[in-house]
Protein chains: 2
Amino acid sequence: MSESCLIAKLGRYVDLAEADRRVLARLEESEREYRKDQIVRRTGQPVEDLFVVKSGWVTSFSILEDGRRQLLRLFYPGDIVDLAEATMSHAQHDIKCITPAVLCPFPKAGLEPIFRRSPRLTALLFSMTVNEAGSLLDRIRAIGRFSAYERLCYLLLEVRARLSMTVSTVDEGFRLPLTQSDIADLLGLTNVYVSRTMTRIERDRLIRRQGNLVTILEPDRMREICEFRHIHEIDTSWFPQD
Amino acid sequence: MSESCLIAKLGRYVDLAEADRRVLARLEESEREYRKDQIVRRTGQPVEDLFVVKSGWVTSFSILEDGRRQLLRLFYPGDIVDLAEATMSHAQHDIKCITPAVLCPFPKAGLEPIFRRSPRLTALLFSMTVNEAGSLLDRIRAIGRFSAYERLCYLLLEVRARLSMTVSTVDEGFRLPLTQSDIADLLGLTNVYVSRTMTRIERDRLIRRQGNLVTILEPDRMREICEFRHIHEIDTSWFPQD
DNA sequence: CGAACAGTTGAGGCGCGTCAAACTTGGTGG
DNA sequence: CCACCAAGTTTGACGCGCCTCAACTGTTCG
């Protein structure tokens with residue numbers, strides 16, 4: 001059996017029993033390859049499957065009638081796409097792959113054994129969902145009250161923090177596969193203004209860019225600028241012991 | 001025993017077994033009164049208790065160093081404040097009462113029996129959390145891509161939809177206990193511009209105002225303006241049967 | 001009656017959007 | 001290995017939506 005992304009991710013928070021691992025591994029039994037920009041699911045379609053991201057970046061977004069677009073979330077390897085839709089019979093948002101990706105589809109009902117058999121795993125899944133909601137709150141704060149400059153600092157730190165969970169070399173730079181239009185639609189800006197502002201951030205020597213490779217030169221100063229605190233801890237003290 | 005808000009809310013989605021009701025009722029055993037504007041918990045304080053809202057409106061918000069403020073969520077009777085912090089050992093946001101309120105504090109560990117004993121209730125709690133994240137996504141879309149006019153239409157419809165779950169008379173108007181500064185901080189605007197825009201919305205005969213009583217005259221036109229679709233259904237088909 | 005707070009209105013300014021054109025980059029095929 | 005094209009990025013000129021500051025009005029409650 002190939003390495004399970006979910007087990008890798010959840011295992012960072014709690015020790016997983018062998019039974020837990022088996023349940024999780026079942027969610028990644030089948031896998032499917034997607035091209036860059038390929039649509040995974042469109043708004044209005046029935047939500048039958050959820051997906052574990054095995055590799056690549058995935059996003060969910062919403063498009064208004066006049067074409068305005070808002071990117072809602074970024075999903076990275078180990079994330080489940082889209083737990084937020086699991087309770088809906090029909091999708092509220094579009095989902096597409098930002099990079100070539102491998103996703104593991106599993107039927108919604110695949111969650112049921114987790115809920116039924118492992119209170120501990122359930123608490124963990126619950127906590128991670130709640131944590132993801134926490135990062136949505138951060139983005140609401142950013143979009144609602146930050147200048148473009150602050151928003152971009154925030155986004156770069158957020159991506160870096162997320163990547164540093166699995167990659168140890170973010171200090172030497174990381175690939176940002178998002179176009180400036182994507183970034184704009186994540187942060188409520190326009191591609192033009194993202195370009196201008198990124199250039200300013202680089203001129204201020206907070207970052208360096210080479211193609212889509214971004215190096216954050218002054219993480220501490222950047223953190224002050226957008227009052228960024230990366231807190232994705234999970235308090236497991238109250239978890240059931242099974 | 002007095003009426004439980006939680007049971008009332010959750011009972012709208014699934015039939016609750018007697019055991020479920022007992023577990024939920026325990027979360028509302030003690031209650032505490034709060035004044036308007038009273039702080040329930042400040043950023044950085046340890047998160048020991050969660051709260052069931054019994055009456056009143058509660059909000060969580062974040063304040064930047066220079067005073068900028070962003071309201072993050074509104075909690076109504078039957079909601080749990082703040083599940084999103086349950087997994088944190090220390091609070092990330094301030095919580096305060098917008099109106100006089102009665103909250104029922106219970107220790108975080110009070111969730112544990114739910115996870116351990118009732119997979120069905122757990123799935124429901126999970127779904128509601130996910131649904132709340134869904135409304136955060138709606139707000140991200142609103143703040144990120146809507147004009148002030150659209151944002152206000154969206155907020156009024158959102159509040160109305162939420163109130164209509166417990167009150168049948170929203171068509172004849174409802175009280176909006178938020179100040180215009182609160183509304184501004186919810187939507188990423190300023191109180192001045194909220195005032196101007198509310199006046200425009202009223203002049204366009206979409207709403208009528210008398211003090212803080214708001215009547216939505218043309219809900220359908222308003223829904224078109226901000227592409228509002230109130231979907232807070234919960235697909236219970238995959239829930240464990242206990 | 002007056003203080004404190006919420007809402008309204010006006011004047012002026014700025015941050016970001018829009019439109020458009022040039023430039024850069026990476027992939028493709030001859 | 002270069003020519004070419006499409007996609008993405010940068011830059012400039014200009015405009016507008018929302019912000020800022022400030023004065024005034026209305027309302028509530030001691």
Side-chain angles (χ1 to χ4, degrees), chain A residues 35-38 64 66-71 96-100 142-156 175-203 207-214 225-226, chain B residues 35-38 57 64 66-71 96 98-100 142-156 175-203 207-214 225-226:
Chain A
R35 298 182 311 277
K36 174 163 146 57
D37 291 331
Q38 188 172 351
L64 301 182
D66 62 3
R68 282 177 289 179
R69 186 178 76 143
Q70 176 68 44
L71 292 201
K96 86 168 186 190
C97 300
I98 289 180
T99 66
I143 300 178
R145 288 296 177 225
F146 283 179
S147 68
Y149 196 100
E150 292 164 332
R151 283 182 224 186
L152 278 163
C153 289
Y154 155 77
L155 178 68
L156 292 172
R175 300 261 158 216
L176 189 65
L178 302 167
T179 68
Q180 292 186 349
S181 293
D182 291 334
I183 295 172
D185 289 342
L186 261 174
L187 299 178
L189 297 167
T190 60
N191 60 338
V192 174
Y193 208 67
V194 167
S195 172
R196 282 188 223 281
T197 308
M198 284 285 260
T199 303
R200 264 176 65 212
I201 294 177
E202 186 171 28
R203 215 193 42 221
I207 65 171
R208 187 173 41 228
R209 290 181 295 169
Q210 304 145 80
N212 65 7
L213 182 73
V214 176
I225 287 171
C226 59
Chain B
R35 298 183 310 278
K36 176 163 147 47
D37 290 331
Q38 188 171 351
W57 288 31
L64 302 182
D66 62 3
R68 283 177 289 178
R69 186 177 74 143
Q70 177 70 43
L71 292 201
K96 87 169 185 188
I98 289 181
T99 66
I143 299 178
R145 287 296 177 223
F146 283 0
S147 68
Y149 196 99
E150 292 163 332
R151 284 183 223 186
L152 278 162
C153 288
Y154 155 77
L155 179 68
L156 293 171
R175 300 260 158 217
L176 190 66
L178 302 166
T179 67
Q180 292 186 349
S181 292
D182 291 334
I183 295 172
D185 289 342
L186 261 173
L187 299 178
L189 297 167
T190 58
N191 59 340
V192 174
Y193 208 68
V194 167
S195 172
R196 283 189 223 280
T197 308
M198 284 284 260
T199 303
R200 264 177 66 212
I201 294 176
E202 186 170 27
R203 215 192 42 221
I207 65 169
R208 187 172 41 226
R209 290 182 295 170
Q210 305 144 79
N212 65 6
L213 182 73
V214 176
I225 286 170
C226 58

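Below, chain A is the first sequence line, B the second, and so on; all start at residue 1. Values below: every heavy atom of this structure, side chains too, minus hydrogens, waters and symmetry copies.
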task = For the pair A/V194 and A/R151, evaluate side chain to side chain contact (heavy atoms under 4.5 Å, CB included) and give the outcome as yes or no after the intermediate values.
result = CA-CA 10 Å; A/V194 167; A/R151 283 182 224 186; over 6 Å; no
Round to a whole Å and report the spacing from [atom1] of [X] to [atom2] of [N].
X	N	atom1	atom2	answer
A/R196	D/dG12	CZ	P	8 Å
A/R68	D/dG17	CZ	P	12 Å
A/N212	C/dT24	CG	P	18 Å
A/Q210	D/dT9	CD	P	16 Å
A/Y193	C/dC14	OH	P	13 Å
A/N191	C/dA20	CG	C1'	12 Å
B/M198	D/dC18	CE	P	15 Å
A/L176	D/dG8	CG	P	14 Å

Nearest to the [X] side chain among [options], which nucleotide is it?
X	options	answer
B/L189	C/dC16, D/dC18, C/dG7	D/dC18
A/T190	C/dT18, D/dT11, C/dC16	C/dT18
A/Q180	D/dT10, C/dG7, C/dT18	D/dT10
A/S147	C/dG7, D/dT10, C/dC16	C/dC16
A/S195	D/dT9, C/dG7, C/dT9	D/dT9

query = How would you label the contact of B/V194 with the nucleic acid (heavy atoms, under 4.0 Å): base, sugar-phosphate, or nothing?
reply =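 B/V194: no heavy atom of the nucleic acid under 4.0 Å.
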ask   = So what does B/R209 touch, heavy atoms closer than 4.0 Å: a base, only the sugar-phosphate, or nothing?
value =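 Sugar-phosphate: the residue B/R209, judged by heavy atoms under 4.0 Å, touches backbone atoms but no base.
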5′-ward residue of the pair B/R145/B/K36 relative to DNA chain C =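 The residue closer to the strand's 5' end, by nearest nucleotide, is B/K36.
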inquiry  = Pair B/N191, B/T179 - check side chain to side chain contact (heavy atoms under 4.5 Å, CB included), show working.
reply    = CA-CA 8 Å; B/N191 59 340; B/T179 67; over 6 Å; no
query = At their closest point, which heavy atom of B/R68 faces which heavy atom of A/R145, and how far apart are they?
reply =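 That would be NH1-O, 2.7 Å.
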request  = Show your reasoning for whether side chain to side chain contact (heavy atoms under 4.5 Å, CB included) applies to A/Y154 and A/I143.
outcome  = CA-CA 10 Å; A/Y154 155 77; A/I143 300 178; over 6 Å; no
key: Stepwise side chain to side chain contact (heavy atoms under 4.5 Å, CB included) test for A/L64 and A/Q70   = CA-CA 8 Å; A/L64 301 182; A/Q70 176 68 44; over 6 Å; no
